[in-house]
Amino acid sequence: MSSFSLEGKIALITGASYGIGMAIAKGMAAAGATIVFNDIKQELVDKGLAAYEEAGIKAHGYVCDVTNEDAVNELVAKIEAEVGVIDILVNNAGIIKRIPMCEMTAAQFRQVIDVDLNAPFIVAKAVIPSMIKKGHGKIINICSMMSELGRETVSAYAAAKGGLKMLTRNICSEYGEYNIQCNGIGPGYIATPQTAPLREIQPDGSRHPFDQFIIAKTPAARWGEAEDLAGPAVFLASDASNFVNGHVLYVDGGILAYIGKQPQ
Ligand SMILES: NC(=O)c1ccc[n+]([C@@H]2O[C@H](COP(=O)([O-])OP(=O)(O)OC[C@H]3O[C@@H](n4cnc5c(N)ncnc54)[C@H](O)[C@@H]3O)[C@@H](O)[C@H]2O)c1
Ligand SMILES: O=C(O)[C@H](O)C(O)[C@H](O)[C@H](O)CO
């Protein structure tokens with residue numbers, strides 16, 4: 001099973017102070033990788049560093065807004081000088097705004113596109129030249145159910161995550177010949193702070209209608225846990241997936257396979 005090992009590899013996971021990013025980072029650390037992460041505020045980076053330390057992981061944390069191209073270029077140069085060349089990039093940092101499309105301002109729409117689509121382009125562009133020189137690289141873009149499906153209130157997010165699926169295929173197309181594999185992971189509905197508003201207990205003590213809807217829509221009949229993403233991410237970061245390129249691996253408990261229950 002040595003082809004699944006990440007021993008000696010350096011992984012940058014963006015926005016990994018908690019949530020899905022941290023669970024992926026912990027999985028990669030268990031497989032032997034050195035973990036580097038960033039987040040938007042020092043406070044979040046410090047919280048992340050403390051959590052990694054508690055888990056026995058010596059992570060390197062940096063403050064960096066992934067939408068700022070100059071800051072990202074500086075970050076990558078700093079990581080190369082202080083830790084080494086990045087072998088694995090996980091574009092995890094993301095935001096969502098749940099606003100009906102006709103009530104959403106163009107500025108709000110652009111903000112989501114900026115973090116969820118432009119930033120993965122910026123960070124990938126910053127790491128690819130060194131990956132080419134090193135002779136290998138793995139890029140994992142965290143996509144979504146919304147790379148395939150739409151729903152009310154998430155127009156900008158769906159546009160960005162659909163675009164991220166195509167950016168994934170394009171990076172594969174353009175850099176596959178340099179032994180760079182770029183794949184996506186499409187998480188289903190995962191219990192993290194990002195989805196907490198969809199799981200809030202109602203004033204009458206009942207479960208949020210969206211919470212019930214998702215359980216019914218998911219053949220696994222549960223929300224995903226951030227840890228459900230760790231194994232798939234380790235696979236896509238490892239030599240075991242060296243001929244897997246331009247693919248989006250949906251980790252959704254079966255949602256995309258299922259037409260849904262017939263109404264009672
Ligand atoms: N939770 C889900 O159900 C779910 C499902 C599918 C996809 N995703 C995607 O997975 C990724 C992680 O999701 P999560 O639920 O852990 O989200 P989260 O909101 O809990 O965490 C996202 C992280 O990104 C960071 N971040 C946001 N903007 C940033 C910026 N400009 N620069 C640097 N860091 C920034 C945040 O501070 C946070 O640490 C996101 O891309 C999200 O869209 C989540
Ligand atoms: O409001 C929503 O529908 C959700 O927040 C999402 O879009 C999920 O977080 C996820 O990306 C699904 O894969």
Side-chain angles (χ1 to χ4, degrees), residues 13-15 19-21 24 65-67 69 72 89-128 138-176 180-190 192-195 197-198 210 213-214 217-219 223-224 226 228-229 232-233 236 241 244-260:
I13 301 109
T14 66
I20 289 175
I24 287 176
D65 178 343
V66 287
T67 65
E69 188 168 15
V72 167
L89 164 65
V90 183
N91 276 314
N92 166 77
I95 59 168
I96 192 165
K97 287 186 189 295
R98 297 184 187 97
I99 305 171
M101 189 176 126
C102 291
E103 292 166 26
M104 190 170 212
T105 65
Q108 288 169 323
F109 190 91
R110 279 194 200 101
Q111 203 188 339
V112 175
I113 299 287
D114 212 24
V115 181
D116 292 357
L117 181 57
N118 294 343
F121 158 78
I122 289 170
V123 188
K125 193 182 149 201
V127 301
I128 286 171
K138 298 277 185 182
I139 299 174
I140 302 171
N141 291 325
I142 303 302
C143 297
S144 164
M145 294 286 86
M146 271 62 207
S147 299
E148 301 293 337
L149 304 170
R151 89 171 184 87
E152 300 78 3
T153 76
V154 296
S155 58
Y157 187 79
K161 294 294 187 177
L164 188 56
K165 175 181 71 178
M166 288 314 300
L167 178 65
T168 301
R169 291 181 181 166
N170 214 86
I171 293 172
C172 150
S173 306
E174 212 164 333
Y175 298 104
I180 291 174
Q181 289 83 47
C182 180
N183 291 288
I185 289 181
Y189 279 83
I190 311 296
T192 70
Q194 195 238 53
T195 52
L198 306 175
F210 195 87
F213 163 69
I214 283 303
K217 268 299 277 176
T218 309
W223 283 71
D228 289 318
L229 283 320
L236 290 177
S241 61
V244 180
N245 211 349
H247 187 75
V248 179
L249 174 52
Y250 289 98
V251 183
D252 64 353
I255 296 178
L256 286 179
Y258 183 40
I259 195 169

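Sequential numbering from 1 along the given sequence is applied to the chain's residues.
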Engineer: Taking all non-hydrogen atoms of both residues, which atom of Thr14 and which atom of Ala93 are closest, and how far apart?
Structural biologist: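 It is OG1-N, 2.9 Å.
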Engineer: I need the single residue from Thr67, Leu164, Ile95 that forms a side chain to side chain contact (heavy atoms under 4.5 Å, CB included) with Asp116. Which is it?
Structural biologist: Ile95
Engineer: Please name the pair of heavy atoms, one in Ser155 and one in Met101, separated by the smallest distance, quoted to 0.1 Å.
Structural biologist: OG-CG, 3.7 Å
Engineer: Side chains of Phe210 and Pro197, heavy atoms from C-beta outward: is any pair under 4.5 Å?
Structural biologist: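 No, side chains not in contact.
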Engineer: Taking the side chain as everything from C-beta on, heavy atoms only, tell me whether Ile142 gets closer than 4.5 Å to Pro187.
Structural biologist: yes
Engineer: Give the minimum heavy-atom separation between Asp65 and Val72, together with the two atoms involved.
Structural biologist: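 That would be O-CG2, 3.9 Å.
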Engineer: Do Ile139 and Tyr175 have side chains that get closer than 4.5 Å, going by heavy atoms?
Structural biologist: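 No, every pair of side-chain atoms sits at 4.5 Å or beyond.
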Engineer: Sorted by first residue and then second, give each side chain to side chain donor-acceptor pair (under 3.5 Å) pair with at least one member in residues 91-100; sequence neighbours left out.
Structural biologist: Asn91-Asn141, Lys97-Gln111
Engineer: Is any side-chain heavy atom of Asp252 less than 4.5 Å from a side-chain heavy atom of Thr218?
Structural biologist: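 Answer no - side chains too far apart.
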Engineer: Any non-hydrogen side-chain atom of Leu198 less than 4.5 Å from a side-chain atom of Ile214?
Structural biologist: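 With C-beta onward as the side chain, the pair stays apart.
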Engineer: Go through the steps to decide whether Ile171 and Ile128 satisfy the test side chain to side chain contact (heavy atoms under 4.5 Å, CB included), and finish with yes or no.
Structural biologist: CA-CA 10 Å; Ile171 293 172; Ile128 286 171; 4.1 Å; yes
Engineer: Between Tyr189 and Met145, what is the shortest heavy-atom contact and its length?
Structural biologist: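 For Tyr189 and Met145, the tightest heavy-atom pair comes out as CE1-CG, 4.1 Å.
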Engineer: Using side-chain heavy atoms (C-beta onward) and a distance below 4.5 Å, is Ile140 in contact with Ile24?
Structural biologist: no
Engineer: What residue pairs, at least two apart or across chains, pass salt bridge (charged side-chain N to carboxylate O under 4.0 Å, His left out) with a residue in residues 146-170?
Structural biologist: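 Residue pairs passing salt bridge (charged side-chain N to carboxylate O under 4.0 Å, His left out), neighbours aside: Glu148-Lys165.
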Engineer: How far apart are the C-alpha atoms of Val251 and Ile190, what are their side-chain angles, what is the distance that settles it, and do they pass the side chain to side chain contact (heavy atoms under 4.5 Å, CB included) test?
Structural biologist: CA-CA 10 Å; Val251 183; Ile190 311 296; over 6 Å; no
Engineer: If you take all heavy atoms of Ala159 and Phe109, which pair is closest and at what distance?
Structural biologist: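 Residues Ala159 and Phe109, closest heavy atoms: CB-CZ, 4.0 Å.
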Engineer: Check whether any side-chain N or O of Glu103 sits under 3.5 Å from a backbone N or O of Pro100 as a donor-acceptor pair, and report yes or no.
Structural biologist: no
Engineer: Measuring only between side-chain heavy atoms, which start at C-beta, is Ile185 closer than 4.5 Å to Val90?
Structural biologist: no
Engineer: Could you measure the distance from the OH atom of Tyr157 to the OG atom of Ser147? Nearest 0.5 Å is fine.
Structural biologist: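 Between Tyr157 OH and Ser147 OG, I get 8.0 Å after rounding to 0.5 Å.
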Engineer: Run the side chain to side chain contact (heavy atoms under 4.5 Å, CB included) test on Val244 and Leu236 for me, step by step, so that the C-alpha distance in whole Å, both residues' side-chain angles and the decisive distance to 0.1 Å come before the verdict.
Structural biologist: CA-CA 8 Å; Val244 180; Leu236 290 177; 4.2 Å; yes
Engineer: Using every non-hydrogen atom in the two residues, find where Thr168 and Cys143 come nearest and quote the distance to one decimal.
Structural biologist: OG1-SG, 4.3 Å
Engineer: Apply side chain to side chain contact (heavy atoms under 4.5 Å, CB included) to Lys138 and Ser241, showing your working.
Structural biologist: CA-CA 10 Å; Lys138 298 277 185 182; Ser241 61; 3.2 Å; yes
Engineer: With distance as the sole test, does Asn245 use its side chain to make a donor-acceptor pair with the main-chain N or O of Ile180 at under 3.5 Å?
Structural biologist: yes
Engineer: Does any part of the side chain of Ile113, heavy atoms only, come nearer than 4.5 Å to the side chain of Asn118, both counted from C-beta?
Structural biologist: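 A side-chain contact exists here, since the closest heavy-atom pair is under 4.5 Å.
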Engineer: Working to the nearest 0.5 angstrom, can you tell me the gap between Ser173 OG and Leu167 CG?
Structural biologist: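 These two atoms lie 10.5 Å from each other.
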